Amino acid sequence: QVQLVESGGGLVQAGGSLRLSCAASDRTFNSFAMGWFRQAPGKEREFVATISWNTDNTYYADSVKGRFTIFKNSAQKTVYLQMNSLKSEDTAVYYCAADTARSSFYLPTFASDYEFWGQGTQVAVSS
């Protein structure tokens with residue numbers, strides 16, 4: 001069982017930045033495709049970003065492209081989400097997710113694709 005623990009959420013003003021972290025417990029971390037999702041109150045969980053197991057490939061939702069960056073530190077078994085130019089509509093609970101990679105081109109964007117999930121971290125952006 002893989003455990004994922006997110007951190008780094010908080011309250012920030014519009015235009016500001018936050019960096020979310022997701023630490024994995026499993027030593028096979030490097031074999032996982034990793035993703036970030038978010039869920040705002042009253043809305044469904046939505047895809048934000050994903051990174052392939054070998055970090056060669058990334059993919060972003062259009063709503064965050066150019067503002068958010070996903071990257072991994074394999075030695076620390078941690079995936080990050082750097083969020084810049086935050087907007088009020090970015091307010092949500094952010095979740096980290098992991099799934100066994102099938103190839104370096106495996107970039108899952110559906111929540112149902114992921115096997116393991118963290119508990120989430122709250123991000124609030126004030127306008």
Side-chain angles (χ1 to χ4, degrees):
Q1 184 74 14
V2 177
Q3 292 186 330
L4 303 173
V5 179
E6 301 99 332
S7 61
L11 175 64
V12 64
Q13 288 188 332
S17 298
L18 280 175
R19 177 177 291 184
L20 305 183
S21 301
C22 172
S25 63
D26 197 273
R27 60 185 177 183
T28 63
F29 170 78
N30 292 337
S31 65
F32 292 128
M34 302 296 296
W36 285 97
F37 287 74
R38 65 186 181 187
Q39 188 166 16
K43 294 188 177 181
E44 293 188 352
R45 191 168 298 190
E46 67 171 355
F47 167 75
V48 175
T50 182
I51 186 167
S52 62
W53 70 273
N54 61 356
T55 75
D56 281 356
N57 300 297
T58 58
Y59 186 75
Y60 298 90
D62 287 343
S63 58
V64 306
K65 199 172 297 182
R67 299 188 298 123
F68 291 11
T69 302
I70 185 171
F71 59 100
K72 288 170 65 176
N73 184 319
S74 296
Q76 296 182 349
K77 295 185 292 182
T78 301
V79 62
Y80 300 92
L81 185 68
Q82 177 67 41
M83 305 186 296
N84 299 329
S85 303
L86 283 162
K87 305 175 182 179
S88 58
E89 51 262 45
D90 295 320
T91 295
V93 177
Y94 283 72
Y95 297 91
C96 171
D99 191 48
T100 303
R102 289 149 178 81
S103 76
S104 61
F105 299 101
Y106 181 57
L107 297 167
T109 61
F110 292 98
S112 58
D113 291 331
Y114 289 86
E115 184 175 3
F116 305 106
W117 290 85
Q119 293 301 306
T121 184
Q122 176 71 54
V123 171
V125 183
S126 62
S127 57

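Because the structure is a prediction, the values reported are computed rather than measured. In what follows, every heavy atom counts, from backbone to side chain, and hydrogens, waters and symmetry copies are set aside.
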Worksheet item: For Arg45 and Trp117, what are the C-alpha separation, side-chain angles and deciding distance, and is it a side chain to side chain contact (heavy atoms under 4.5 Å, CB included)?
Response: CA-CA 12 Å; Arg45 191 168 298 190; Trp117 290 85; 3.3 Å; yes
Worksheet item: Pairs in or reaching into residues 29-60: which pass disulfide bond (SG atoms under 2.5 Å apart), with residues at least two apart or in two chains?
Response: none
Worksheet item: Should Leu18 and Met34 be regarded as members of a common hydrophobic cluster, given that ILVMFWY residues are connected when their side-chain heavy atoms come within less than 4.5 Å of each other, either directly or indirectly?
Response: yes
Worksheet item: Do you reckon Val64 sits in the same ILVMFWY cluster as Val12, going by side-chain contacts under 4.5 Å, direct or chained?
Response: yes
Worksheet item: Counting only heavy atoms not in Phe116, do more than 12 fall under 6.0 Å of its CZ?
Response: yes
For [X] and [Y], indicate whether the former's side chain and the latter's backbone hold a donor-acceptor pair under 3.5 Å.
| X | Y | value |
| --- | --- | --- |
| Thr78 | Gln76 | yes |
| Glu6 | Gly120 | yes |
| Asp26 | Gln3 | no |

Worksheet, complete the sentence: Hits for side-chain contact (heavy atoms from CB on, under 4.5 Å) against Thr58, two or more places apart or cross-chain, chain-then-number order -> Ile51, Tyr60, Ile70
Worksheet entry | Within 45° cone of Phe29 ring axis and under 6.0 Å: Lys72 NZ or CZ | yes
Practice prompt. Please say which of Leu4, Val79, Val2 ends up in a side-chain contact (heavy atoms from CB on, under 4.5 Å) with Phe32.
Written response: Val2
Worksheet, complete the sentence: Hits for salt bridge (charged side-chain N to carboxylate O under 4.0 Å, His left out) against Asp62, two or more places apart or cross-chain, chain-then-number order -> Lys65
Fill in: Qualifying salt bridge (Lys or Arg N to Asp or Glu O under 4.0 Å) pairs, either residue in residues 107-124, two or more places apart
none
Minimum heavy-atom separation for [X] to [Y], with atom names?
| X | Y | value |
| --- | --- | --- |
| Ser127 | Ala14 | CA-CB, 4.2 Å |
| Phe47 | Thr109 | CB-O, 3.2 Å |
| Ser52 | Ser104 | CB-O, 3.2 Å |

Extract all donor-acceptor atom pairs below 3.5 Å that involve side chains of residues 86-99 and protein atoms in other chains or at least two apart in sequence.
from  : atom 1 : to     : atom 2 : distance (Å)
Asp90 : OD1    : Arg38  : NH1    : 2.9
Asp90 : OD1    : Arg67  : NH2    : 3.0
Asp90 : OD2    : Arg67  : NH1    : 2.8
Asp90 : OD2    : Arg67  : NH2    : 3.4
Asp90 : OD2    : Lys87  : N      : 2.8
Thr91 : OG1    : Ser88  : O      : 3.0
Thr91 : OG1    : Val125 : N      : 2.9
Thr91 : OG1    : Val125 : O      : 3.4
Tyr94 : OH     : Arg38  : NH1    : 2.9
Tyr94 : OH     : Asp90  : O      : 2.6
Asp99 : OD2    : Arg102 : NH1    : 2.9
Asp99 : OD2    : Tyr106 : OH     : 2.6

Discussion item. According to ring pair (Phe, Tyr, Trp, His ring centres under 6.0 Å), who are the partners of Tyr80, at least two apart in sequence or on a separate chain?
Written reply: Phe71
Fill in: Residues Val123, Met83; criterion side chain to side chain contact (heavy atoms under 4.5 Å, CB included); working and verdict
CA-CA 10 Å; Val123 171; Met83 305 186 296; 3.9 Å; yes
Worksheet entry | Side chains of Thr100 and Tyr114, donor plus acceptor under 3.5 Å | no
Item to complete: Decide if the gap between the ring center of Phe68 and the ring center of Trp36 is smaller than 6.0 angstrom.
Response: no
